[in-house]
Amino acid sequence: MPELPEMETYRRLLTEQLACRTITDVEINREKSININSGQFKSQLIKAQITDIKRRAKHLIFKLSSGKNLLLHLMLGGWMYIGNEEDNPDRTKQVIISIGDKKLYFIGLRLGYLHLLTDTELEKELADLGPEPIDQTFSFPVFRELIGSRRGMLKTTFVNQQFLSGIGNCYSDEICFEAGLLPMKKADELDEDEIKILYQSLKGVLTRAIQFGGYMEEPLFRGDTKTGGYNELCRVYDREGEPCLRCSSPIVKEEISSRKTFYCRNCQK
DNA sequence: AGGGCAACCCGGACGC
DNA sequence: TGCGTCCGGGTTGCCC
């Protein structure tokens, strides 16, 4: 599912493709995907310019020239495609935003949504999110302080958006593997060295994942070679039964707090 | 505080 | 081909 690196990849590519462009049409095929009635939604979007595209955690925020914000969360299985009338995926499109002859398709929005919000509403919506892990200000002392207040398992701690924002099921496993720590290890049982390794792994995995375009398999547009490059670089996620790339013992899949979790029994301690 | 769990949602994969 | 069934999984909220 799209996590921070996937959304950051989307942000960068969407900015290249759509920034400063004007919305010319909007099609809503699923009312539940939006927060106001479709008539109002359309009239507020059409003729508005996309002035900027920002990211906060797993959300994207399309800043509009009207001063309003279009807040996107893809949740489970949501993805986007930029094409045109002919070039588009053979899937159900819940929302389609036209920008001249280009069309931005929103696909797989089940629990995902596009909410049109004022600055105040947006701020309120994002208020409970924890710090951005790739932010410059997220230093080791900040991380040590933060994790020092935690007693739960690393897995549940990392996927908790109030603790740290943007990490989901895949990257929490990848970070634990990189650090050589078991996902069920308790945060309050870590020594100083382990906290340091965990911090470095967190920064390292996310930075590399962004660099390689995340692990989403669907390209954003025809000829997009950036998206999904990290898919083959995942070392434990969705690799059940395959040999560990460090020690060759099979990667195991286990349910931890009702989330599928992948790890190596041998080299993660 | 943390763990467990249900509810949300429905496209699409899968089985017959 | 066609129809019915069920899974996935981030997030919220509630209970213990």
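Chain naming here is simple, since letters A, B, ... match the order of the sequence lines and numbering starts at 1 in each.
Counted by atom type alone, Thr15(A) and Arg12(A) present zero donor-acceptor pairs between their side chains at under 3.5 Å.
Between Leu164(A) atom CG and dT11(C) atom P the separation is 13 Å, expressed in whole Å. Leu74(A) places its CG atom 15 Å from the C1' atom of dC9(B), with the value rounded to the nearest Å. Rounded to whole Å, the distance from CG on Leu154(A) to P on dA1(B) is 19 Å. For the pair Leu71(A) CG and dT11(C) P, the computed distance is 12 Å after rounding to whole Å. Per the geometry, NZ belonging to Lys58(A) stands 10 Å off P belonging to dT12(C), to the nearest Å. At whole-Å resolution of the value, CG in Leu109(A) and C1' in dC8(B) are 15 Å apart. Separating the CH2 atom of Trp79(A) from the P atom of dG12(B) is a distance of 9 Å, rounded to the nearest angstrom. In this structure, Gln162(A) places its CD atom 11 Å from C1' of dG13(C), rounding to the nearest Å.
Phosphate proximity of dC5(B) to Ser257(A): absent, as no side-chain N or O sits under 4.0 Å from OP1 or OP2. Contact check, Lys32(A) against dC9(B): a side-chain N or O comes under 4.0 Å of OP1 or OP2. Proximity of Arg150(A) to the phosphate of dA1(B): no side-chain N or O atom is located under 4.0 Å from OP1 or OP2. Residue Thr92(A) places at least one side-chain N or O closer than 4.0 Å to OP1 or OP2 of dG12(B). Under 4.0 angstrom from either OP1 or OP2 of dT11(C) there lies no side-chain N or O belonging to Arg259(A). For the OP1/OP2 pair of dG3(B) and a distance below 4.0 Å, the side-chain nitrogens and oxygens of Lys155(A) include no atom meeting the criterion. In this model, the phosphate group of dT11(C) is approached by a side-chain N or O of His73(A) to a distance below 4.0 Å at OP1 or OP2. Put simply, Gln161(A) has a side-chain N or O that comes within less than 4.0 Å of OP1 or OP2 on dT11(C).
Heavy atoms of Gln94(A) sit under 4.0 angstrom from primed sugar atoms or phosphate atoms, though from no base atom. Looking at heavy-atom distances under 4.0 Å, Met75(A) makes contact with a base. Gly77(A) comes within 4.0 angstrom of no nucleic acid atom, judged by non-hydrogen atoms across all strands.
Ranked by how close their nearest DNA chain B nucleotide is to the 5' end, Lys186(A) and Leu111(A) are led by Lys186(A). In this structure, Thr157(A) and Arg91(A) both approach DNA chain B, and ranking their closest nucleotides by distance from the 5' end singles out Thr157(A).
Residues Leu146(A) and Met153(A) do not share a hydrophobic cluster, defined by chaining ILVMFWY side chains whose heavy atoms lie under 4.5 Å apart. Ile107(A) and Met75(A) are not part of a single hydrophobic cluster, where members link through side-chain heavy atoms under 4.5 Å apart. Under the 4.5 Å side-chain heavy-atom criterion for ILVMFWY residues, no single connected hydrophobic cluster contains both Met1(A) and Leu74(A).
Note: Phe138(A) and Phe143(A) have perpendicular aromatic rings, judged against thresholds of 30 and 60 degrees for the angle between ring planes.
Salt bridge absent: Lys93(A) and Glu27(A) never bring a charged side-chain N and a carboxylate O closer than 4.0 Å.
Put simply, the side chain of Arg110(A) and the base of dG11(B) share a donor and an acceptor less than 3.5 Å apart.
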